[in-house]
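Structure record follows, encoded as structure tokens.
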Protein chains: 4
Amino acid sequence: MNARPHNISRLSERAQAQKERILSAAQTCFIEHGFHAAGMALIAETAEMSPGLIYRYFDNKNAIILAIVDRQLENARTDIRALHHAPDLAAAALNAFDCWRRADPRLMNAALFMEMNAEASRNPELAAALSSFDAEIQKELTNWLTAPVSAGGKGLPAQLAAIRAISLKCFMEGLTARALREPDIKPALLRAAITEFMAHLTAA
Amino acid sequence: MNARPHNISRLSERAQAQKERILSAAQTCFIEHGFHAAGMALIAETAEMSPGLIYRYFDNKNAIILAIVDRQLENARTDIRALHHAPDLAAAALNAFDCWRRADPRLMNAALFMEMNAEASRNPELAAALSSFDAEIQKELTNWLTAPVSAGGKGLPAQLAAIRAISLKCFMEGLTARALREPDIKPALLRAAITEFMAHLTAA
Amino acid sequence: MNARPHNISRLSERAQAQKERILSAAQTCFIEHGFHAAGMALIAETAEMSPGLIYRYFDNKNAIILAIVDRQLENARTDIRALHHAPDLAAAALNAFDCWRRADPRLMNAALFMEMNAEASRNPELAAALSSFDAEIQKELTNWLTAPVSAGGKGLPAQLAAIRAISLKCFMEGLTARALREPDIKPALLRAAITEFMAHLTAA
Amino acid sequence: MNARPHNISRLSERAQAQKERILSAAQTCFIEHGFHAAGMALIAETAEMSPGLIYRYFDNKNAIILAIVDRQLENARTDIRALHHAPDLAAAALNAFDCWRRADPRLMNAALFMEMNAEASRNPELAAALSSFDAEIQKELTNWLTAPVSAGGKGLPAQLAAIRAISLKCFMEGLTARALREPDIKPALLRAAITEFMAHLTAA
DNA sequence: CATGAATGAGTGTTCATTCAT
DNA sequence: AATGAATGAACACTCATTCAT
């Protein structure tokens, strides 16, 4: 009766699972070796499949890179949104810092973030993805900073909110570099820096 | 008698000049194409010498990358020191932003900075260089922030200065990402964000 | 009792139909892309079946090529026979020229003819097929040229007929190359050349 | 004194010799396996060099194919010109037939001719080369057929000469196919066919 | 009978590195 | 000291063929 739809669904599920497997493997490889040094053969081996099979699911290596970036951006979006409604902003930022240090293939990762930025300066498609993501984040942050306090916002005037959003992006992205260069930074210091900055950020 | 030392010295001078020529060429190529995409043939051509000759002065491509990173860090050090004595911090930061956007082969460059960070996450030697550089900068910034106003400092207590130094590093490195992703950001907005942050940074 | 034969016959019929479907698809693909550039996936798609299924009917791609060549030769045979009884030889040759230029998947095609000849120089099986086809054509042409005029022939002595048959084969096959290299040749010129040659051919 | 020019000349000589070595190897491979089936690795091995080295002398495989075709066309041009001044046209044509059968890498070869034609239907650059060659030959043949007998020509009117040139191209190219399909054709028969056709061709 | 996911050897091409000169 | 021709392993990618379902 519904046998056919069920079958179709299962096939599609499998394809999706395969794509996921490839992306996870690719992310692991990219973090470990970089976009260029991670060869398709290594990705295939990591994904436990033949190199040829990857091309059934992705047109080429660049498509994989783009998909990875999309995934990372999606994670970043989630992080940002969590930031909005966090009762304790500083705690949320500290948690993000912790994530960045780790190499969990499902999470945003500092090294990958650097690689993405570097690669974008030569890969226009990737640059476009990052650019549109950036605009999106800017808007979201501004919305949050302008929203009335009663709605969980910070009630800042629009002009100031735009400026503060830029500041916040700078600070958070700079934190990414910290996660790479001082992964063992004294938590108390880092917390203090973040807390202080967040206080400044949301001040009227 | 002293003919030999004299000769050696002249040879050494020449060797140094050759190394310099290679590094300049390499930096130009790396900024324009990235570490991976810039081939030895291109570097050799840019340095106006044969590919083979490069290997008389550097063991391999990686050694060149290391040397370039050292050079960039030296540049960054100079920038930082200039920042200290700048009458107008915000103006200095804005100027730095401008430099990053450009691909001037003699200057620190945002894309190369990202590439360095990405590469460091796989190359321990490079990571160590960046780490020690980081510590150095942290110290220098702290010194500046703790120095009495009469000495051009900001007169902050040591504990607070350390925290603010971290903040400043975050902000400035985040600015690097901005230079890549929003090279055409409205200058007024950027200036406002920087000015505001700097005021916060040096507040008691 | 006769259920089985009946079944077998029906299966065989179906198998034949499938083979036909594959060959038609393959011919279309080969004409459009050549033997090498036409992949099994494309042939399968054109035949509206899965790649795997093709291997139930043909051992490998080469077997398909062989079968296609056989088909093309059969077409050529038919063309030749039609030529015999044509009231106007030149018109028939001109018509053939037109067919060769086109990429009609059901007709002999100039590019495919070249590819066949090229491939035959490496594939003995194919060479043998072409050779025996050639002998057959030679015989048929000779018969036609020696047959009395009353029987639609040209009434030439056997020795001369053999020579003229060779000439005709040369000319017609050369026409194939013309179809490829000068598909837009002025029809009047071509017609004149063909007419003149045909007159020479059948002269006593 | 002239040491440098001499050196330069010798280097250039070497490069030329290498190109020649590659082309000879490639031609051998192409004749034996076809343009597609002959891989760069095989060509390199045949030329007794590494695959990478080939790319110092040719941009890509297609450039090699084009160069081979140019070489073949140059040979064909020579053949055609020899045909003009031959006291015995038929003998010259028979000699050409003999060359085509052989696989001498320096001579025009029937199998390669077929491959060229087949490939041209997919390779526009190659098609253009063949097309311009064809126009050149047409002109040369027409010149010869219209030239006064006193100048070694055949003294035909221009219109007729154009038609006969087409006929000759057809016949000679058809002969190519004969060389492939009936390499062991009875020489007497072939000579008779050629002689007869040539007589027709040059008749007023 | 039929599918299409999967394989893996193969493709043309690149490039860091070496070495005879 | 300097060259640049030469290497060969690696790269991203393709495709005829197989096989579990």
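Below, each value reflects all heavy atoms present in this structure, side chains not excepted, and no hydrogens, waters or symmetry copies. This one's a predicted model, so the numbers in the text were calculated from it and none came from an experiment.
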_Contacts of Glu45(D) that satisfy salt bridge (Lys or Arg N to Asp or Glu O under 4.0 Å) - sequence neighbours left out_ = none
*When the ring planes of Phe30(D) and Phe35(D) are compared, do they come out parallel, tilted or perpendicular, using 30° and 60° as the limits?*
perpendicular
*Just need the stems in DNA chain E: three or more back-to-back Watson-Crick or G-U pairs, each with both distances under 3.5 angstrom, sorted by first number.*
E:2-21 with F:2-21
_Under-4.0 Å salt bridge between Glu115(C) and Arg122(D)_ = yes
_So Ala37(B), base contact, sugar-phosphate only, or nothing? Heavy-atom distance under 4.0 Å._
nothing
*Would you classify Gly52(C) as touching base, sugar-phosphate or nothing, given that sugar-phosphate means primed atoms plus P, OP1 and OP2, and contacts are heavy atoms under 4.0 Å?*
base
*Distance check: side-chain N/O of Ser50(A) vs OP1/OP2 of dT7(E), anything under 4.0 Å?*
yes
*asked:* If you only use heavy atoms from C-beta on, which nucleotide in dT13(E), dG8(F), dT3(F) is closest to the side chain of Met40(D)?
replied: dT13(E)
*Judged by modelled atom types alone, do Ser24(B) and Arg71(B) share a side-chain donor-acceptor pair under 3.5 Å?*
yes
*asked:* Near DNA chain F, counting only heavy atoms under 4.0 Å, which residues of residues 53-69 of chain C show up?
replied: Tyr55(C), Asn60(C), Lys61(C)
_Nearest-nucleotide 5' precedence on DNA chain E, Pro51(B) against Glu48(A)_ = Glu48(A)
*Mapping Met49(B) and Ala38(A) to their closest nucleotides on DNA chain F, which lands nearer the 5' end?*
Met49(B)
